[in-house]
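Structure in structure tokens, see below.
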There are 2 protein chains.
Amino acid sequence: MSDEIYLNQVPPQSEAELLQRCQIIAGQTLGQLAAQLNIVVPADLRRHKGWVGSLLEKILGADAGNHAEPDFTGLGIELKTLPLAANGSPKESTYVCTVSLTETGELRWQDCWLRRKLAKVLWLPVEADNTIPLAERYVGEGFLWQPDPEQVALLKQDWEELMDALVLSGQAGLSARQGQVLQIRPKAANSRVLAQAIADDGSFIQQNPRGFYLRSEFTAQILQANKACRLAD
Amino acid sequence: MSDEIYLNQVPPQSEAELLQRCQIIAGQTLGQLAAQLNIVVPADLRRHKGWVGSLLEKILGADAGNHAEPDFTGLGIELKTLPLAANGSPKESTYVCTVSLTETGELRWQDCWLRRKLAKVLWLPVEADNTIPLAERYVGEGFLWQPDPEQVALLKQDWEELMDALVLSGQAGLSARQGQVLQIRPKAANSRVLAQAIADDGSFIQQNPRGFYLRSEFTAQILQANKACRLAD
DNA sequence: ACGGATCCAATGGTGGATCCCG
DNA sequence: CGGGATCCACCATTGGATCCGT
């Protein structure tokens, strides 16, 4: 009962309060959390792919809506769910943000959206083994993360390589195989969706929208580092 | 029955075909036309202000949807309903297009959206006396119009005056009283809606969206000229 | 009478991600 | 396995205009 005082969609006022809320929901199922907000749990995620992320935003009081801001506006913190396979490692890559197809050449790492998005992330592990019914999946312990210097270097290197490839060869020269920790993949309702882009010759063309994703190998390292850190306490 | 062959939402292939369709619907009521498309007629227009225009677009096979194109893409023709008061003259001003608040200074008459929108218009008179139930209002005879040199001069003069006023004084310096045949008025869901604009100093600010409207005195002249023209046949 | 305010439907884009076939 | 394809909710914008108080 008193738990729900913290779960009423009011933004947390501090990092401490946000982490406290994470402690409260850790060990609860998605079904229990959805019930607190009178939200119906879909049978599966096939037609509701972002459902878990949206639910946990509401539960934790994220307030940015669909704006180009961190989920927790006041704290500058981005929320990311981390879907865990049966073996406890990340099951999927993590979507970060869309790739601008109109300002590819003009942007530098220091100013880019991806860097700002990943500046401070609250990772929230959630069971994602499809043999477990959605409502019965447990939420793990959320933790704050900021990229360490080595991770920053990796991200910067990949970002610059990928953006260079975009400028030099356009979308044709891009494959999701490029990048050690980062990759570029389609991000749209379907492959018929087109966004405005700029061709080699400077003219406007239409291309499939793309997004930056963190490879699951990278998020697996983040997860492991956090566990090690907590054991050391 | 055979009439409905022409009313199946396929775009007309020529001006002649479009005008033929207008002949077919002239003298029918909005209720009759709506019934052909299985569309329910609202009680009144208070909460359905664009309903008549949308219905007639569907009936005539306009295909541009909500794009920045003429309603009849292939023919380069814009459809405008002309609401008639009990005395047969236009009851309202006619909305043309939105006023760009970000490129006010850069644009010339030759390139402006308003000029392109008004290059070729199919006017479709419709009874709009509120004492007549919506479903019982008659559609009149549609006619094609292109501004004659005098009308072009008037539109150009007003457009330039209004755009100059916008650049010089911003929205504060603008009144719907300016312009002989054209005026600028709010165009939004309500007065709390804001759009991006550029201030005097070049910075970005928020302003109420505005639209260009043809004064009803102007559309009355267009209507009269068409009647005179048809009597002369 | 008309200048300022308002209303709906449909679409496109963004943010949330997972699906699924070779 | 993982690269390419896809899915929903929500919000802002656009296109269709008419309402209504002074």
Side-chain angles (χ1 to χ4, degrees), chain A residues 42 44-58 62 64-69 71 78-83 85 91-98 117 126 128 130 174-178 183-196 208-211 213 215-217, chain B residues 42 44-58 62 64-69 71 78-83 85 91-98 117 126 128 130 174-178 183-196 208-211 213 215-217:
Chain A
D44 58 58
L45 295 179
R46 268 179 300 186
R47 298 190 161 273
H48 301 273
K49 298 186 177 178
W51 185 82
V52 176
S54 300
L55 171 67
L56 292 172
E57 282 186 348
K58 291 184 192 109
N66 277 25
H67 298 93
E69 295 175 24
D71 295 315
E78 175 78 15
L79 174 64
K80 286 289 171 200
T81 56
L82 200 47
K91 185 184 157 194
E92 294 279 355
S93 57
T94 299
Y95 168 71
V96 182
C97 60
T98 58
K117 276 270 195 176
V126 180
N130 277 341
L174 253 190
S175 157
R177 293 172 182 82
Q178 288 178 263
Q183 62 179 172
I184 288 183
R185 298 220 309 284
K187 173 67 172 81
N190 59 65
S191 58
R192 269 100 50 201
V193 173
L194 295 175
Q196 189 158 79
N208 300 123
R210 309 278 180 141
Y213 294 79
R215 291 183 184 278
S216 43
E217 193 176 318
Chain B
D44 57 58
L45 295 178
R46 268 179 301 187
R47 297 190 162 274
H48 300 273
K49 297 187 179 180
W51 185 83
V52 176
S54 300
L55 171 68
L56 293 173
E57 281 186 349
K58 291 184 191 109
N66 279 24
H67 298 93
E69 295 176 24
D71 295 314
E78 175 77 15
L79 174 64
K80 285 291 171 198
T81 57
L82 199 47
K91 185 183 156 194
E92 294 279 355
S93 58
T94 299
Y95 168 71
V96 182
C97 60
T98 58
K117 276 270 195 176
V126 180
N130 277 342
L174 254 191
S175 156
R177 293 173 182 81
Q178 289 178 263
Q183 64 180 170
I184 288 181
R185 298 220 309 283
K187 174 66 173 78
N190 60 65
S191 59
R192 270 107 37 207
V193 173
L194 295 175
Q196 190 159 78
N208 299 123
R210 309 279 179 141
Y213 295 79
R215 292 182 183 278
S216 44
E217 193 176 317

Legend entry - Nearest-Å distance for atom pair CZ/C1', residues B:Arg210 and C:dG3: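 Spelled out: CZ on B:Arg210 to C1' on C:dG3 is 11 Å.
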
Inset, instruction - Determine the contact category for A:Gln178: base if any of its heavy atoms lies under 4.0 Å from a base atom, sugar-phosphate if only primed atoms, P, OP1 or OP2 are that close, otherwise nothing. - result: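 It contacts nothing in the nucleic acid.
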
Legend entry - Side-chain N or O of B:Asn130 closer than 4.0 Å to phosphate OP1/OP2 of D:dC19: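 For D:dC19, OP1 or OP2 has a side-chain N or O of B:Asn130 closer than 4.0 Å.
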
Inset, instruction - Starting from C1' on D:dG2, measure out to OH on A:Tyr213 and report it in whole angstrom. - result: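 Roughly 13 Å, once rounded to whole Å.
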
Inset, instruction - Please confirm whether the backbone N or O of A:Cys97 pairs with a side-chain atom of A:Tyr213, one donor and one acceptor, at under 3.5 Å? - result: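 Such a contact is absent between A:Tyr213 side chain and A:Cys97 backbone.
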
Legend entry - Side-chain N,O (A:Thr81) to OP1/OP2 (C:dA17) below 4.0 Å: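 Answer yes for this pair, as a side-chain N or O of A:Thr81 is under 4.0 Å from OP1 or OP2.
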
Legend entry - Non-hydrogen side-chain atoms of A:Asn130 and A:Lys91 separated by less than 4.5 Å: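 They are in contact (side-chain heavy atoms under 4.5 Å apart), so the answer is yes.
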
Inset, instruction - By nearest nucleotide on DNA chain D, pick out whichever of B:Gly53 and B:Val193 is the more 5' one. - result: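 Checking each residue's closest nucleotide, the 5'-ward one belongs to B:Val193.
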
Inset, instruction - Provide, to the nearest angstrom, the distance between the CH2 atom belonging to B:Trp51 and the P atom belonging to C:dA9. - result: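 Rounding to the nearest Å, CH2 of B:Trp51 and P of C:dA9 are 12 Å apart.
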
Inset, instruction - Check the side chains of A:Ser93 and A:Arg185 for a donor-acceptor pair under 3.5 angstrom, ignoring hydrogens and angles. - result: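 Yes, a side-chain donor-acceptor pair sits under 3.5 Å.
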
Legend entry - d(CD, B:Glu57; P, C:dT11) in whole Å: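 Nearest whole value for this atom pair: 12 Å.
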
Legend entry - Any B:Arg47 side-chain N or O less than 4.0 Å from OP1/OP2 of C:dA9: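 No.
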
Inset, instruction - Remember a base hit wins even if backbone is also touched, and classify B:Ala128 as base, sugar-phosphate or nothing at under 4.0 Å, heavy atoms. - result: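 Here B:Ala128 touches no strand at all.
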
Inset, instruction - Check whether any side-chain N or O of A:Ser191 sits under 4.0 Å from OP1 or OP2 of D:dT6, and answer yes or no. - result: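 A:Ser191 to D:dT6 OP1/OP2: side-chain N or O found under 4.0 Å.
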
Legend entry - Polar side-chain contact B:Glu92-C:dC2 base: donor and acceptor under 3.5 Å: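 When only heavy-atom distances are counted, B:Glu92 does not reach the base of C:dC2 through any donor-acceptor pair under 3.5 Å.
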
Inset, instruction - Just compare C:dG4, C:dG16, D:dT18 and give me whichever is closest to any side-chain atom of B:Pro83. - result: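 It is D:dT18.
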
Inset, instruction - Look at the side-chain N and O atoms of B:Lys91 and state whether any lies under 4.0 Å from the OP1 or OP2 oxygen of C:dC2. - result: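 Negative; the distance criterion is not met.
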
Inset, instruction - Look at the side chain of B:Asn208 and the backbone N and O of B:Leu194, then say whether any donor-acceptor pair between them is shorter than 3.5 Å. - result: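 Judged by distance alone, no pair lies under 3.5 Å.
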
Inset, instruction - May I ask you to say what A:Glu217 touches in the nucleic acid, namely base, sugar-phosphate or nothing, with a heavy-atom cut-off under 4.0 Å? - result: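 Contact class for A:Glu217: none.
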
Inset, instruction - Check whether any side-chain N or O of B:Lys187 sits under 4.0 Å from OP1 or OP2 of C:dC7, and answer yes or no. - result: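 B:Lys187 to C:dC7 OP1/OP2: no side-chain N or O under 4.0 Å.
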
Inset, instruction - Please determine, for the side chain of A:Tyr95, which listed nucleotide (C:dG3, C:dA17, C:dT6) has the closest atom? - result: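 Closest of the options to the side chain of A:Tyr95: C:dA17.
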
Legend entry - 4.5 Å side-chain heavy-atom contact, A:Pro209 and A:Val193: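 SC-SC contact between A:Pro209 and A:Val193 confirmed.
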
Inset, instruction - Report the distance from atom CG of A:Leu194 to atom P of D:dT6, rounded to the nearest whole Å. - result: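 Going from CG in A:Leu194 over to P in D:dT6 covers 12 Å.
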
Inset, instruction - Go through the N and O atoms of the side chain of B:Lys49 and the base of C:dT6, and report whether any donor-acceptor pair is under 3.5 Å. - result: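 Indeed, a donor on one side and an acceptor on the other fall under 3.5 Å apart.
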
Inset, instruction - Can you tell me the distance, in whole Å, between the CG atom of A:Asp44 and the P atom of C:dT18? - result: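 It works out to 13 Å between those atoms.
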
Inset, instruction - Could you please name the option among C:dG3, C:dG16, D:dT6 that lies closest to any side-chain atom of A:Asn190? - result: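 Nearest to the side-chain atoms of A:Asn190, counting from C-beta on, is D:dT6.
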
Inset, instruction - Tell me whether the OP1 or OP2 atom of C:dG3 has a side-chain N or O from B:Gln183 closer than 4.0 Å. - result: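 Looking at the OP1 and OP2 atoms of C:dG3, one of them is under 4.0 Å from a side-chain N or O of B:Gln183.
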
Legend entry - Positive for side-chain hydrogen bond (donor to acceptor under 3.5 Å, both in side chains) with B:Asp44, one of B:Arg47, B:His48, B:Arg46: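 By the side-chain hydrogen bond (donor to acceptor under 3.5 Å, both in side chains) criterion, B:Asp44 pairs with just one of B:Arg47, B:His48, B:Arg46: B:Arg46.
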
Inset, instruction - Let me know the distance between CZ of B:Arg192 and P of C:dG4, rounded to the nearest Å. - result: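 One finds 17 Å between P of C:dG4 and CZ of B:Arg192, rounded.
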
Legend entry - Quiz item: B:Arg185 side-chain donor-acceptor pair to D:dT18 base, under 3.5 Å: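 Yes.
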
Legend entry - Residue whose nearest DNA chain D nucleotide is more 5′ - B:Lys117 or A:Arg46: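 Result of the comparison: A:Arg46.
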
Inset, instruction - May I have the distance from A:His48 (atom NE2) to D:dA9 (atom P), rounded to whole angstrom? - result: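 Result: 6 Å.
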
